[in-house]
Amino acid sequence: MTDDFDTSATEPESTQPRSSIVDAALYRDGKRISTPSSLADTYRQLREDSEAMAWIGLFRPSDAELMSLAEEFDLHPLAVEDAMEAHQRPKLERYGETLFVVLRAARYLDAVEEVDFAELHLFVGPGFVITVRHGAAPNLSAVRQRMEDSPDLLRLGPEAVLYAVLDAVVDGYVPVVSGVSNDVDEIETEVFGRDPSVSRRIYELSREVLEFQRATRPLISMMRDLEAGFNKYGTDEELQRYLRDVADHVVEVTERVDGFRQVLQDILAVNATLVTQQQNEEMKALTEASYEQNEELKKISAYAAILFAPTLVGTIYGMNFDNMPETHWSLGYPFAMLLMAIVCVTLFLIFRRRGWL
């Protein structure tokens, strides 16, 4: 069996409780000597061989299995409770001779351009390593295979396994950093291309980067705590070098992730400025259009008023009443025409002075 498998595969219904053991093995002098089929078998063989080291890989174990491990390896109740509940922040805690480590592995999903995070718990103690996965990442089968291919490293004991897992998790951040970097570049292009949906994408990527920061930042202090205990717990010098190399990679990844956060904040500010600028341009265009409409309306109103004056005079003098002034006056027609002309010219001059015409 391996530590990496298809969790979506369906299994036939069974009345037997499902085992969460993905791989359990005993090692001596850097080589696998046994592959127990159950936790009870692992316990028995480990008691019979005091020089062996057990590496138990679990995927979403039940509470009963964790309680069994806690009783056998004297795991602290608080650590076991954290492993049961999951959803823990990355941390490293020491309970006596046992280390409890929580890591947040990540992988970049190209199809949906998203970052998928998974939680990993490790119990590292004298003669045993227990890995508890709560997600698809990381690929612990590759880690186990790497260690079994390097017996000189594996014979250094449980801390060597801890190093290998830490190294795999941190190395797994590299393609995620690359994927996020590509997303940031695409967003920059979309921002200056005035893509209306870019604001939502900036927000979603900012949340992923924030989650990424929560996964990577605690690793810096965790690696420092490990380094502080090198002399006290007699960590092998070669293993110390490996762990320091992981610490350097952690700092590098953390700096890149922090840089993404700052870049996204700057992009968000630029996008807000561009959106405001676009809105101002649209408002200016609307204002100009409204102004032009008002000017046209003024002209129409002015000409309507000018045309209304002679129409009014003509209407009055067009009424068929016998007793009307100037009706039978010989100069009535010229007088009416002159009156209409005077009114039109006067209105024209008034509107012209006011800038309506």
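Positions are given from 1 along the sequence.
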Can V174 be reached from V184 by stepping across I, L, V, M, F, W or Y side chains whose heavy atoms are under 4.5 Å apart? no

Nearest 0.5 Å, please: how far is CG in D171 from NE2 in H249? 7.0 Å

E148 and Y27: side-chain donor and acceptor closer than 3.5 Å? yes

Establish whether L78 and M84 are linked, either directly or via other cluster members, by ILVMFWY side-chain heavy-atom contacts under 4.5 Å. yes

Tell me whether I220 is reachable from L122 by hopping between hydrophobic residues (I, L, V, M, F, W, Y) whose side-chain heavy atoms are closer than 4.5 Å. yes

Should we count CD of E97 as having more than 12 external heavy atoms under 6.0 Å? no

Let me know which of Y95, F73, F128 forms a side chain to side chain contact (heavy atoms under 4.5 Å, CB included) with F123. F128

Worked verdict on Q145 versus D149 for side chain to side chain donor-acceptor pair (under 3.5 Å): CA-CA 6 Å; Q145 186 61 51; D149 292 341; 3.0 Å; yes

Check the side chains of Y43 and S68 for a donor-acceptor pair under 3.5 angstrom, ignoring hydrogens and angles. yes

Identify the heavy atoms of L46 and A52 that sit nearest to each other, and give their distance. CD1-O, 3.6 Å

Would Y108 and D183 count as a side chain to side chain donor-acceptor pair (under 3.5 Å) if you check the C-alpha gap in whole Å, the side-chain angles of each, and the deciding distance to 0.1 Å? CA-CA 11 Å; Y108 187 79; D183 288 345; 2.8 Å; yes

Residues E72, R47: salt bridge by 4.0 Å N-O rule: yes

Does D245, at its CG atom, have more than 12 non-hydrogen atoms belonging to other residues, nucleotides or ligands within less than 6.0 Å? yes

In this structure, is the centre-to-centre distance between the rings of H76 and F100 below 6.0 Å? no

Looking at P90 and A215, what are the two nearest heavy atoms and their distance? CG-O, 3.8 Å

Looking at every non-hydrogen atom in both residues, tell me the closest pair between T346 and I342 and how far apart they are. OG1-O, 2.7 Å

Of the non-hydrogen atoms in V143 and A168, which two are nearest, and what is the gap between them? CG2-CB, 3.4 Å

Stepwise side chain to side chain contact (heavy atoms under 4.5 Å, CB included) test for D258 and R217: CA-CA 9 Å; D258 290 344; R217 275 187 176 177; 3.4 Å; yes

Without swapping roles, check the side chain of S150 against the backbone of M147 for a donor-acceptor pair under 3.5 Å. no

Does any non-hydrogen side-chain atom of L166 lie less than 4.5 Å from one of M223? yes

Assess the residue pair D82 and K91 against the criterion (side chain to side chain contact (heavy atoms under 4.5 Å, CB included)); give the C-alpha distance rounded to whole Å, side-chain angles, the decisive distance to 0.1 Å, and a yes or no. CA-CA 11 Å; D82 288 344; K91 60 182 178 179; 2.7 Å; yes

Which of these, Q45, R32, E48, sits in a side chain to side chain contact (heavy atoms under 4.5 Å, CB included) with L26? Q45

For V250, is there any backbone N or O sitting under 3.5 Å from a side-chain donor or acceptor partner on T254? yes

Do D225 and R94 have side chains that approach each other closer than 4.5 Å (heavy atoms only, starting at C-beta)? no

For the CZ atom of R261 and the CG atom of L205, what is their distance to the nearest 0.5 Å? 11.0 Å

Contact check, side chains of D23 and T35, non-hydrogen atoms, under 4.5 Å: yes

Measuring from atom OG of S221 to atom CG of L92, what distance do you get when rounded to the nearest 0.5 angstrom? 8.5 Å

Mind listing the closest non-hydrogen atom pair of P158 and V124 along with its distance? CB-CG1, 3.5 Å

Quick one, R104 and E211 - any side-chain contact, counting heavy atoms below 4.5 Å? yes

State whether the number of non-hydrogen atoms from other residues, nucleotides or ligands found under 6.0 Å of R207 atom CZ is greater than 12. no

Once rounded to the nearest 0.5 Å, what's the spacing between atom OG of S34 and atom CG of D41? 6.5 Å

To the nearest 0.5 Å, what is the distance between CE on M67 and CD on E81? 10.5 Å

Salt bridge or not between R241 and E238? Use side-chain N to carboxylate O under 4.0 Å. yes

Go through it in stages, so that I can follow the logic: the residues are F230 and L243, the test is side chain to side chain contact (heavy atoms under 4.5 Å, CB included), and I'd like the CA-CA distance, side-chain angles, deciding distance and then a yes or no. CA-CA 10 Å; F230 283 168; L243 288 169; 3.6 Å; yes

Give me the atom names and distance for the closest heavy-atom approach of A24 to T42. CB-OG1, 4.0 Å

Would you say that more than 12 heavy atoms from the other residues, nucleotides or ligands in this model lie under 6.0 Å from the CZ of R353, or not? no

With side chains defined as the heavy atoms from C-beta onward, is the minimum distance between V209 and V180 less than 4.5 Å? yes

Hey, does I130 have a side-chain heavy atom less than 4.5 Å from the side chain of L75? yes

Can F348 be reached from V345 by stepping across I, L, V, M, F, W or Y side chains whose heavy atoms are under 4.5 Å apart? yes

Partners of F212 by ring pair (Phe, Tyr, Trp, His ring centres under 6.0 Å), sequence neighbours excluded? Y173

Would you call H134 and L120 a side-chain contact if the rule is heavy atoms closer than 4.5 Å? no

Residues that E204 engages under side chain to side chain donor-acceptor pair (under 3.5 Å), provided they are two or more places apart: R200

Is the count of non-hydrogen atoms from other residues, nucleotides or ligands lying under 6.0 Å from R244 atom CZ greater than 12? yes

Any pair with a residue in residues 153-169 that passes side chain to side chain donor-acceptor pair (under 3.5 Å), sequence neighbours left out, goes on the list, sorted by first then second residue, please. D29-R155, R146-Y163, R146-D167, D152-R155, E159-T235

Using side chain to side chain contact (heavy atoms under 4.5 Å, CB included), reason through R201 and E186 one step at a time and then give a plain yes or no. CA-CA 10 Å; R201 191 175 181 189; E186 291 176 1; 2.6 Å; yes

Let me confirm one number: the CD-CG distance from Q88 to L103, rounded to the nearest 0.5 Å. 12.5 Å

Side-chain heavy-atom pair L69, L58 within 4.5 angstrom cut-off: yes

